[in-house]
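The next block holds one structure in the form of structure tokens; read it before the comments.
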Amino acid sequence: MLKGDDAFKKIIAHAKEYGFIFQSSEIYDGLSAVYDYGQNGSALKNNIKEYWWKSMVQFHENIVGIDAAIFMHPTVWKASGHVDAFNDPLIDNKDSKKRYRADVLIEDHMAKLEDKINKEVEKASKRFGETFDEAMFRKTNPRVVANQEKIEAIRLRFVEALENNNLEDVKKLIEDLEIVCPVSGSRNWTDVRQFNLMFSTQMGSVTEDANQIYLRPETAQGIFVNYLNVQKTGRMKIPFGIAQIGKAFRNEIVARQFIFRMREFEQMEMQFFIRPGEELKWYEYWKEERMKWHTSLGMPNGLYRFHDHDKLAHYANAAADIEFAFPFGFKELEGIHSRTDFDLSAHQKFSGKKLQYFDPETNESYVPYVVESSIGLDRMFLAILSQSYVEETLEDGSERVVLNLPPMLAPIKAAILPLMKKDGLAEKAREVMDNLKYDFMCSYEEKDAIGRRYRRQDAIGTPYCITIDHQTLEDNTVTIRERDTMQQERIHVDEVKRVVLERISFKNR
RNA sequence: GCGGAAGUAGCUCAUCCGGUAGAGCGACAGCCUUCCAAGCUGUAGGUGGCGGGUUCGAGUCCCGUCUUCCGCUCCA
């Protein structure tokens, strides 16, 4: 694995040149922070999904998979907290170039005024020997009354402006209150702009009747709203998990670093439903399990690390990231969160439907707690790609670029190569190809010198090259060349399928 | 979003002070045949990111715009 900016650029160039990742709508100059997966990229991505899905759903009897829709009832996002957390009116100070949430600036200002009042009241209470509340109630000080009225007036304007989504008023309020930038101390503000991190669209073709709906900003809610359906129909017993792979959308202000942060991205996640009070035990369990999954890919040590969160999200009582050493540094690849009963309780409240589980062991009903594993598929793709990209100098001084992919993830498992076109070698190679292509992804190439074809396969990470030569015609043996060692062995044609399948199997990790 | 830099063939780049674009590699077709890229012949591929302006004339100067990169900012 290469390091540094230079390496990252090479990997991006390689990804494009060999059909892994293209910029979206490239012939129209592209669309910012949106990328398409090409012929090899989509194959690699699908293989990552399959590996994850099998290790979750197929290898665990108590985990099942679903595929929820991207569109969901708008109230889902009120219950989840996204409508509040993802809608920010922002304002920039032109002098300091700092950006603030306009509502926070105003709230801070009100807090300062309130602080003033409290100090006045406190003084009064000491003077008259009253409690704080008594002093407040008497409103002895006219300045206190004036300030309280002022705050109330601000709050009214503020709430009204926000409710009507009147951003000009919000700005005017900031100007009227003479709020200054804490950094530059100036009042040179830009207009207030609404940044909505959720994409929205209308459902219903008649404009007046249409409801605004969102493209889901996370896949988790599709699992939570189906919790009861799956638990009942699958007769699931706690603890159990629901897994899902799917697209999510976030209108990031700045989306950059190739496919690391995109506006449209794919998540692979599993929500594990447990008994309240056992969440930390399961949290630790899944942290270890998930780390094992990553290291089972055979990546070198030291590429992964845990990062425990100090600042917890509104839904979590414990959270850690698994970080990966990307070419641009250690960054989040996966999150493991103890989400408590936040989501199910919220949906219970907003929907009015009971989302509880009767535990036959304890004879109790409760809203289950949740431990979540959520991994960015595109980030996983980037992690594997960047760690697999190797530039080698061979003994003879020549260079080659190899994608050192785990064989089971490689887009193409075997390339079938006749040493040359004539003498019936091509026909024989076709025969071999036809016998293999139903079992794993194969590629056939007869153009160019054999060495060149090996290098091309190296560049897309094909683990095995099957070469048909003159000896094949005599004794039905072929050579099988291994990508990383470049070593060849001669085996019988009938053995090829078994040998390749064995070496690309999940079981042999 | 702000500041800086860049955008010419699939890729890497050239084209001097403004005079209607060129190479290497790659691709494709054919020849050759030698198990680790760069043998031979031929062919295709560009309204110079896009739009506008200045000029007799713009890849080249100016403005706008899109995209990318670097820094800042943002990222429950």
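Keep in mind the model is a prediction, meaning the values are calculated, not measured. Quick note on labels: first sequence line is chain A, next is B, and so on, each numbered from 1. Just so it is clear, the values below take in all heavy atoms, side chains as well, and ignore hydrogens, waters and symmetry mates.
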Can you tell me which stems involve RNA chain B, if a stem is defined as three or more consecutive Watson-Crick or G-U wobble pairs, both distances under 3.5 Å? B:1-7 with B:66-72, B:10-13 with B:22-25, B:27-31 with B:39-43, B:49-53 with B:61-65

Charged N-O contact under 4.0 Å between [X] and [Y]:
| X | Y | value |
| --- | --- | --- |
| A:Arg453 | A:Glu445 | no |
| A:Glu427 | A:Arg430 | no |
| A:Arg503 | A:Glu489 | yes |

Under a 90° cut-off about 0 for the syn range, is B:C17 syn or anti? syn

Over 12 non-hydrogen atoms of neighbours within 6.0 angstrom of CE in A:Met441: no

Looking at CD1 of A:Ile12 and CD of A:Gln257, how far apart are the two atoms once the value is rounded to the nearest 0.5 Å? 9.0 Å

Close aromatic pair by centroid cut-off 6.0 Å: A:Tyr285 and A:Phe272: no

Which part of the nucleic acid, if any, lies within contact of A:Gln457, taking any heavy atom under 4.0 Å across all strands shown: a base, the sugar-phosphate backbone alone, or nothing? nothing

With a 4.0 Å limit, can you tell me whether [X] has a side-chain N or O closer than that to the phosphate oxygens OP1/OP2 of [N]?
| X | N | value |
| --- | --- | --- |
| A:Lys16 | B:C11 | yes |
| A:Arg263 | B:C75 | no |
| A:Ser32 | B:C66 | no |

Could you encode protein contacts along nucleotides 31-36 of chain B as a string, one character per nucleotide from 5' to 3', using B for base contact, S for sugar-phosphate-only contact and - for no contact, with a heavy-atom cut-off of under 4.0 Å? --S-BB

